[in-house]
Novice: 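One structure, pasted below without further comment.
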Amino acid sequence: MDKLAKYREYIQTLLTRYASDDKSDHEVEVQLILDAERDHYQWMNVGWQGSNRIYRCIIHFDIRDGKIWLQQNLTDQNPAEELVAMGVLKEDIVLGLQPPYKRQYTEYGIA
């Protein structure tokens, strides 16, 4: 299996596991958006809580230029470290949720 196929599999495995623990109620749907053709992967909560609209992206990954970009993480999980444990090189993970000038100070890729 080539590198990108592995990365897609790893991301989908993580998101599926994380979302399976989501404690949303019956009015808020847990959605996994797994677009392997365009390499966008999201865990969303969509619905209503009373009169309040819920439309929240919990975790968002992209694969761009052979690297995994972590664009959003509203959990207490550390998906970057879990990807490293699965075999992804740290330099192949970009913390897109960090400003570009701060990425050089992380242990991960810069772009």
Side-chain angles (χ1 to χ4, degrees):
M1 184 182 305
D2 75 332
K3 178 175 94 168
L4 290 181
K6 286 181 187 177
Y7 287 2
R8 290 178 183 113
E9 181 182 316
Y10 297 160
I11 290 168
Q12 291 180 46
T13 298
L14 273 184
L15 286 177
T16 300
R17 182 166 43 88
Y18 290 163
S20 71
D21 291 334
D22 193 331
K23 302 296 185 215
S24 295
D25 60 36
H26 68 280
E27 293 183 10
V28 177
E29 180 182 5
V30 175
Q31 294 183 353
L32 287 180
I33 301 166
L34 307 172
D35 182 355
E37 183 178 328
R38 293 171 193 83
D39 283 324
H40 302 295
Y41 307 88
Q42 297 179 348
W43 161 20
M44 302 281 300
N45 288 148
V46 179
W48 291 89
Q49 286 181 333
S51 61
N52 294 317
R53 176 72 172 149
I54 304 299
Y55 186 82
R56 179 174 37 244
C57 176
I58 310 299
I59 295 183
H60 176 176
F61 290 103
D62 291 322
I63 299 177
R64 296 178 14 196
D65 301 320
K67 296 184 182 224
I68 297 173
W69 285 68
L70 177 57
Q71 304 285 20
Q72 173 86 317
N73 181 14
L74 298 180
T75 72
D76 58 358
Q77 305 294 323
N78 189 338
E81 282 303 307
E82 291 193 50
L83 288 168
V84 169
M86 294 172 143
V88 178
L89 299 173
K90 284 187 175 188
E91 55 265 21
D92 279 355
I93 299 171
V94 177
L95 301 179
L97 46 77
Q98 292 284 343
Y101 71 90
K102 287 187 178 181
R103 293 182 198 148
Q104 65 183 325
Y105 303 112
T106 71
E107 301 174 0
Y108 299 100
I110 56 172

Novice: Applying salt bridge (charged side-chain N to carboxylate O under 4.0 Å, His left out) as the test, list every pair that has at least one member in residues 31-45; sequence neighbours left out.
Specialist: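 Only Arg8-Asp39, Asp35-Arg38 qualify under salt bridge (charged side-chain N to carboxylate O under 4.0 Å, His left out).
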Novice: Just jot down the side chain to side chain contact (heavy atoms under 4.5 Å, CB included) partners of Ile33, sequence neighbours excluded, or say none.
Specialist: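 In terms of side chain to side chain contact (heavy atoms under 4.5 Å, CB included), with neighbours along the sequence ignored, Ile33 is linked to Gln31, Gln42, Met44.
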Novice: Got a sec, which residues hit salt bridge (charged side-chain N to carboxylate O under 4.0 Å, His left out) with Glu107, two or more places apart in sequence or on another chain?
Specialist: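 Partners of Glu107 by the salt bridge (charged side-chain N to carboxylate O under 4.0 Å, His left out) criterion, ordered by chain and then number, come out as Lys90.
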Novice: Arg103: what forms a side chain to side chain contact (heavy atoms under 4.5 Å, CB included) with it, not counting sequence neighbours?
Specialist: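 Checked Arg103 against side chain to side chain contact (heavy atoms under 4.5 Å, CB included); matches are Trp69, Val94, Gln98, Pro100, Ile110.
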Novice: Can you tell me how far apart OG1 (Thr16) and CG (Leu32) are? Round to the nearest 0.5 Å.
Specialist: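 Separation between the atoms: 5.0 Å.
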Novice: Can you see which heavy atom on Cys57 is nearest to which on Leu74, and at what distance?
Specialist: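 Residues Cys57 and Leu74, closest heavy atoms: O-CD1, 3.3 Å.
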Novice: Just jot down the side chain to side chain contact (heavy atoms under 4.5 Å, CB included) partners of Leu89, sequence neighbours excluded, or say none.
Specialist: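 With neighbours one apart ignored, the set is Glu91, Asp92.
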Novice: I need the Gln71 CD to His40 NE2 distance, nearest 0.5 Å.
Specialist: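 Between atom CD of Gln71 and atom NE2 of His40 there are 9.5 Å.
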Novice: CD1/Ile68 to CG/Leu70 distance, rounded to the nearest 0.5 angstrom?
Specialist: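 If we round to the nearest 0.5 Å, Ile68:CD1 and Leu70:CG are 9.5 Å apart.
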Novice: Taking only residues two or more places apart in sequence or in another chain, which ones pass side chain to side chain contact (heavy atoms under 4.5 Å, CB included) with Asn52?
Specialist: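 If we apply the side chain to side chain contact (heavy atoms under 4.5 Å, CB included) test to Asn52, skipping adjacent residues, there are no hits.
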Novice: Looking at residues at least two apart in the chain, or sitting in another chain, which of them share a side chain to side chain donor-acceptor pair (under 3.5 Å) with Lys6?
Specialist: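 Lys6: no side chain to side chain donor-acceptor pair (under 3.5 Å) contacts found.
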Novice: Tyr41 versus Leu14: any side-chain heavy-atom pair under 4.5 Å?
Specialist: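 Tyr41 vs Leu14: side chains apart.
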Novice: Excluding sequence neighbours, so at least two apart, what forms side chain to side chain donor-acceptor pair (under 3.5 Å) with Thr75?
Specialist: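 With neighbours one apart ignored, the set is Asn73.
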Novice: Can you give me every donor-acceptor pair (side chain of residues 76-86, partner residue at least two apart or in another chain, under 3.5 Å) with its distance?
Specialist:
unit_1: Asn78; atom_1: OD1; unit_2: Ala80; atom_2: N; d: 3.4
unit_1: Asn78; atom_1: OD1; unit_2: Glu81; atom_2: N; d: 3.2
unit_1: Glu81; atom_1: OE2; unit_2: Tyr108; atom_2: OH; d: 2.2
unit_1: Glu82; atom_1: OE1; unit_2: Arg17; atom_2: NH1; d: 3.4
unit_1: Glu82; atom_1: OE1; unit_2: Arg17; atom_2: NH2; d: 2.4
unit_1: Glu82; atom_1: OE2; unit_2: Tyr18; atom_2: OH; d: 2.7

Novice: Quick one: do Leu4 and Ile11 end up in the same hydrophobic cluster if we chain Ile, Leu, Val, Met, Phe, Trp and Tyr together by side-chain heavy atoms under 4.5 Å apart?
Specialist: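 Result: yes, single cluster for both.
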Novice: Taking atom NE2 of His60 and atom CD of Gln72, what is their separation to the nearest 0.5 Å?
Specialist: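 Here the interatomic distance stands at 9.0 Å.
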